[in-house]
Amino acid sequence: MALIVQKYGGTSVGSAERIKTVAQRVADTHEAGNDVVVVVSAMGQGTDDLIALASDVTPNPYPREMDMLLTAGERISMALCAMAIHDQGVPAMSLTGSQAGILTTSVHGSAEIMDIRAHRVREGLDDGKVVIVAGFQGVDPVAKEITTLGRGGSDATAVALAAALGADVCEIFTDVDGVFTADPRMVDDARKLDEVSYEEMLELAGAGAGVLMARSVEFGRRYKIPIHVRSSFHDGEGTWVKEETMEEAIIRGVAHDSSEAKVTVHGVPDKPGVAADIFEPLAEAGVNVDMIVQNVSIAGVTDISFTVPKASIDRARQIAERLASEIGAVGVDIDTNIAKVSLVGAGMKSELGIASQMFRVLSDRQINIEMISTSPIRISCVVRGTDVEAAVRSLHDGFQPPSSPEEE
Ligand code: ADP
Ligand code: ASP
Ligand code: MG
């Protein structure tokens, strides 16, 4: 008998029929003798619909009320799932994130899980029940306020719960068969990976592969929880995210991210302290800066460009414009038509020339590179947003990440 945490994403609980299919799978897992904790997302595009509704009411929704609104999406799914599991003859109980003891920091919209006091979940399991937990939410124990964890946050709920409960596995059921060598909705011949290391998955997720939220992979890595990403539409094996993979691939996959925008501060005086002057206020305002490039200094002035999530662009623009006038810079430009493409693979560490090959593949397609950043196992380039599909496809063709052995 095992303790299994199963997470079902939006598409997987997107209709009454799908919820019944989920209930059947959960009941089968329970009847096979396992303890089961289920984490659910909001139905279908439920979270997007609630965000749109809020923006119809006000252009600046109050963050506290936004979290009160968005947590309702997961609450609907958890109750419906519990009812459907009951109907299968299996006792079930749903809990909100707060009831499940998911304690977070206080930042509305992007709170982080600090601790999980899972005694109510354990009690439910001890009573022989399936426990269904609303994903993506928790409570700030100091202010006693409800919080959300950021988009895709149900993955973090699931893996963190698996860690807190000492589960044997965390299964992430989604609308694709596993983690692919590129987004299968963009690259037709992308291939499912049998396995990927935490380290690689962290880089892929951070570079835009939205199949898992990066923070969930961090929990997996820290607490050594095997994560099985698989389809909710059939029983086939998916992708195992784990410590070690059988083979170290030079390139495991290609990821892309069109969710960022570029800010350029022109004519910045090139002297010590200026970068700190720009980036400290951005950090204080909670703007998450990703890539940074500083140009060559000419006649004592330089340009500094950086990327931020499009969702933070208004805040970033305001801060950059204020700072530009304070430090005597010439002006600020915003560019929302950018995308980032990345190559990820643990074998890159010991292989020379991957970056230059990547630049060659992009230049062969006449794709201009605007910014570059690297980690030991990732190379990322910012390109025009309109070039992103061509960039991802040509990199996938050019590097041929490994396929699953059974497909060879
Ligand atoms: P869920 O609602 O189940 O959490 P998401 O939409 O968050 O589902 O994540 C699944 C989606 O992630 C897929 O539909 C796919 O388009 C996208 N995706 C991006 N990169 C990858 C990748 N490398 N492998 C698999 N899916 C990916
Ligand atoms: N419903 C939330 C979202 O759409 C959380 C999740 O699905 O993981 O981002
Ligand atoms: Mg998701």
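Because the structure is a prediction, the values reported are computed rather than measured. Numbers here are sequence positions counted from 1. Start at 1 and go down the list; that is how both ligands and their atoms are numbered.
Using a 4.0 Å cutoff on heavy atoms, Gly153 counts as a contact of ligand 2. A heavy-atom separation below 4.0 Å is not found between Met213 and ligand 2. Not a single heavy atom of Ser12 sits closer than 4.0 Å to an atom of ligand 1. No heavy atom of Lys192 sits closer than 4.0 Å to any atom of ligand 1. At least one heavy atom of Pro184 lies less than 4.0 angstrom from ligand 1.
When the options Ser216, Ser41, Gly9 are ranked by their closest heavy atom to atom 7 (O) of ligand 2, first place goes to Ser41. Selection from Asp257, Thr239, Asp183, Asp155 by nearest heavy atom to atom 16 (O) of ligand 1 gives Asp183.
To the nearest 0.5 Å, atoms CD1 (Ile227) and CG (Leu212) are separated by 6.0 Å.
Between Thr181 and Arg252, the shortest heavy-atom contact is CG2-O, 3.9 Å. Between Ala42 and Glu74 the shortest heavy-atom distance is N-OE2, 2.9 Å.
Here's the thing with Thr181: none of its N/O atoms is less than 3.5 angstrom from an N/O atom of ligand 1. Inclusion of Asp175 in the set of residues having an N or O under 3.5 Å from an N or O of ligand 1 is warranted. Note: no N/O pair closer than 3.5 Å links Lys7 and ligand 2 by distance alone. Annotation: Asp155 places no N or O atom under 3.5 Å from an N or O atom of ligand 2; distance criterion only. For a threshold of 3.5 Å applied to N or O pairs, the pair formed by Thr174 and ligand 1 contains at least one separation below that value.
Remark: side-chain polar atoms of Arg18 are paired, donor with acceptor, to backbone N or O of Thr11 under 3.5 angstrom.
Using a 4.0 Å cut-off between heavy atoms, Val176 contacts ligand 1 through its side chain alone, with no backbone atom that close. Contacts between Ala182 and ligand 1 below 4.0 angstrom, taking non-hydrogen atoms only, involve the backbone exclusively. Contacts between Met186 and ligand 1 below 4.0 angstrom, taking non-hydrogen atoms only, are absent altogether.
When side chains are defined from C-beta on, Val159 does not count as touching Tyr223, because their heavy atoms never get closer than 4.5 Å.
Distance remark: protein heavy atom not present below 4.0 angstrom from atom 6 (O) of ligand 1.
Looking at residues two or more places apart in sequence or on another chain, you find a ring pair (Phe, Tyr, Trp, His ring centres under 6.0 Å) between Tyr8 and Phe173.
At the top of the distance list for atom 3 (C) of ligand 2, counting protein heavy atoms only, stands Arg151 NE, 3.4 Å.
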